[in-house]
Amino acid sequence: QGFKHCAENADRLFKAGETLAKKEDYALGNSLLILASEEATKAIFLYYKYQWNGTLMEVQSLFTKHITRHNFAKEYYHFFHFQLITLMGQIAEHNKIAFTEEYFTELEKTEYAEAQTSRLVIEVFATQYDRLSKFNPDKPSNRKTLVKWFNKANERKERGFYVDHRKPNWITPSVITEEDYRQSHFITWNLVQLTLMLNTTGAKMKSDMDSFALTFVLHKIVN
């Protein structure tokens with residue numbers, strides 16, 4: 001239950017951050033993305049702690065200390081990333097078999113709009129999968145970027161909310177740039193997407209990780 005609550009809230013915060021960024025409020029949008037990553041981290045932790053009850057970390061610390069959430073995600077980001085790649089890869093392979101050109105040709109005869117929408121959704125999903133597959137979180141330069149981002153995550157999150165004064169200068173949320181937001185979007189999207197897939201694919205607790213390749217949730221996943 002806690003996993004589902006945290007996963008849904010992570011998705012809510014992430015979408016709110018995207019909405020603000022569309023209005024060019026990158027500072028507040030960035031803060032909400034970081035909050036989304038924290039909620040996603042809590043969800044992922046609860047999911048795997050339930051599956052593998054030998055996990056040593058206390059649950060409560062993730063709910064009371066932001067630094068614990070950031071450190072946990074930083075330490076295991078590569079694992080989360082490859083779990084996401086595995087799940088998306090299973091769906092991508094299933095799509096190649098189930099959604100052929102012949103399938104869409106037949107569907108267009110009776111449900112043209114539905115066929116076009118489904119084709120677009122699957123193409124977007126394939127693009128996302130290809131982009132993630134090319135990213136290696138264990139590559140030294142990428143690892144350095146991830147460590148730096150998580151180490152500064154809480155400071156950047158607060159920067160989007162508050163005006164600060166450090167003699168003789170005023171520091172406003174506007175110091176967070178569009179580039180900062182774009183970087184946060186990629187890093188946090190991976191975490192939120194994993195929780196979304198685990199939640200919306202009907203994944204059952206203590207089930208085999210290889211059983212999640214379900215296509216009926218594609219539209220929700222890519223949106």
Side-chain angles (χ1 to χ4, degrees), residues 1-47 59 62-74 76-77 80-81 83-84 87-88 117 120-121 124-125 127-129 131-132 135 137 145-146 148-164 171-203 217-223:
Q1 187 178 47
F3 155 73
K4 290 182 178 180
H5 288 325
C6 290
E8 290 167 359
N9 199 38
D11 186 42
R12 181 180 71 90
L13 290 166
F14 189 84
K15 288 177 179 175
E18 289 185 317
T19 298
L20 286 168
K22 290 177 182 178
K23 299 178 180 180
E24 299 186 356
D25 189 344
Y26 298 113
L28 194 51
N30 188 67
S31 294
L32 290 180
L33 293 186
I34 296 172
L35 285 173
S37 75
E38 293 184 23
E39 290 294 271
T41 298
K42 286 155 57 178
I44 295 169
F45 173 81
L46 290 172
Y47 182 85
V59 173
L62 257 77
F63 284 82
T64 57
K65 299 178 181 179
H66 61 261
I67 191 171
T68 303
R69 296 190 284 271
H70 295 154
N71 285 341
F72 181 74
K74 176 175 64 178
Y76 295 102
Y77 190 89
F80 302 151
H81 176 81
Q83 286 296 318
L84 178 58
L87 294 175
M88 293 183 74
T117 299
L120 178 60
V121 167
V124 170
F125 183 87
T127 299
Q128 291 175 337
Y129 174 61
R131 178 182 62 132
L132 286 176
F135 178 74
T145 296
L146 288 168
K148 182 178 180 180
W149 187 89
F150 279 108
N151 285 345
K152 292 188 174 183
N154 195 64
E155 177 186 340
R156 290 297 182 91
K157 178 183 68 180
E158 293 184 351
R159 178 62 56 221
F161 292 123
Y162 306 115
V163 172
D164 198 5
I171 304 174
T172 69
S174 63
V175 299
I176 302 297
T177 66
E178 180 178 0
E179 183 179 355
D180 294 327
Y181 169 84
R182 296 299 175 194
Q183 183 182 62
S184 295
H185 190 276
F186 179 80
I187 293 173
T188 61
W189 186 88
N190 290 359
L191 297 173
V192 174
Q193 190 74 353
L194 179 57
T195 64
L196 183 64
M197 292 193 71
L198 291 176
N199 194 21
T200 61
T201 54
V217 294
L218 277 175
H219 189 273
K220 185 170 183 180
I221 289 172
V222 300
N223 288 285

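Minimum heavy-atom separation, S37 to T188: CB-CG2, 3.5 Å. Annotation for A7 and A43: closest pair N-CB, 3.7 Å, computed over non-hydrogen atoms. The two residues L46 and G2 have their closest heavy-atom pair at CD1-C, 3.7 Å. Closest approach of A36 to L13, counting heavy atoms only: CB-CB, 3.8 Å.
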Applying side-chain contact (heavy atoms from CB on, under 4.5 Å) to W149 and K74, what does each step give before you reach the verdict? CA-CA 9 Å; W149 187 89; K74 176 175 64 178; over 6 Å; no
Would L198 and Q83 count as a side-chain contact (heavy atoms from CB on, under 4.5 Å) here? Give the steps. CA-CA 10 Å; L198 291 176; Q83 286 296 318; over 6 Å; no
Evaluate T195 against Y47 for side-chain contact (heavy atoms from CB on, under 4.5 Å), listing each step before the verdict. CA-CA 9 Å; T195 64; Y47 182 85; over 6 Å; no
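By the 4.5 Å heavy-atom criterion applied to side chains, L194 and L87 are counted as neighbours. Side-chain contact between Y77 and N190 is present, with heavy atoms from C-beta onward closer than 4.5 Å. In this structure, the side chains of N9 and K42 stay at 4.5 Å or more apart for every pair of heavy atoms. Residues R69 and F150 fail the side-chain proximity criterion, which asks for heavy atoms closer than 4.5 Å. The shortest side-chain heavy-atom distance between V175 and D180 does not fall under the 4.5 Å cut-off. Side-chain atoms of P173 and V163, non-hydrogen and from C-beta on, do get closer than 4.5 Å to each other. Considering only heavy atoms from C-beta on, W189 comes within 4.5 Å of L132 through its side chain.
In this structure, the separation between CG on L33 and NZ on K157 is 12.5 Å, given to the nearest 0.5 Å. Note that OG of S31 and CG of N154 are 10.0 Å apart. Values are rounded to the nearest 0.5 Å. Taking NE2 of H185 as the reference point, atom CZ of F14 lies at 3.5 Å (rounded to 0.5 Å). Distance check: L191 CG to E38 CD gives 11.0 Å after rounding to the nearest 0.5 Å. In this structure, OG1 on T172 lies 15.5 Å from OH on Y162, to the nearest 0.5 angstrom. For the atom pair OH of Y181 and CD1 of I34, the computed distance is 11.5 Å after rounding to the nearest 0.5 Å.
Between F72 and F80, the ring planes lie tilted relative to each other; the angle falls in the 30° to 60° range. By the 30° and 60° cut-offs, the orientation of the rings of F135 relative to F186 is perpendicular. Using a 30° and 60° split on the angle between ring planes, H70 and H66 fall in the tilted class, from 30° to 60°.
Other residues, nucleotides and ligands contribute over 12 non-hydrogen atoms within 6.0 Å of the CZ atom of R159. Heavy atoms of other residues, nucleotides or ligands lying less than 6.0 angstrom from CD1 of I67 number 12 at most.
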Taking distance alone, no hydrogens or angles, what donor-acceptor pairs closer than 3.5 Å link side-chain atoms of residues 22-30 to residues at least two apart or in another chain?
from : atom 1 : to   : atom 2 : distance (Å)
D25  : OD1    : L28  : N      : 3.2
N30  : OD1    : S184 : OG     : 2.5

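At a threshold of 4.0 Å, the pair K4-E8 does not count as salt-bridged, since none of the basic side-chain nitrogens sits closer than that to a carboxylate oxygen. Under 4.0 Å is where a charged nitrogen must lie from a carboxylate oxygen, and between R12 and E39 no such pair does.
Under the side chain to side chain donor-acceptor pair (under 3.5 Å) criterion, H5 pairs with no residue, sequence neighbours left out. Taking the side-chain contact (heavy atoms from CB on, under 4.5 Å) definition, one finds that K148 meets it with K152, sequence neighbours left out.
A donor-acceptor pair under 3.5 Å is absent between the side-chain atoms of Y76 and the main chain of F45, judged by distance alone.
Using modelled atom types and a 3.5 Å distance limit, the side chains of T68 and N71 yield no donor-acceptor pair.
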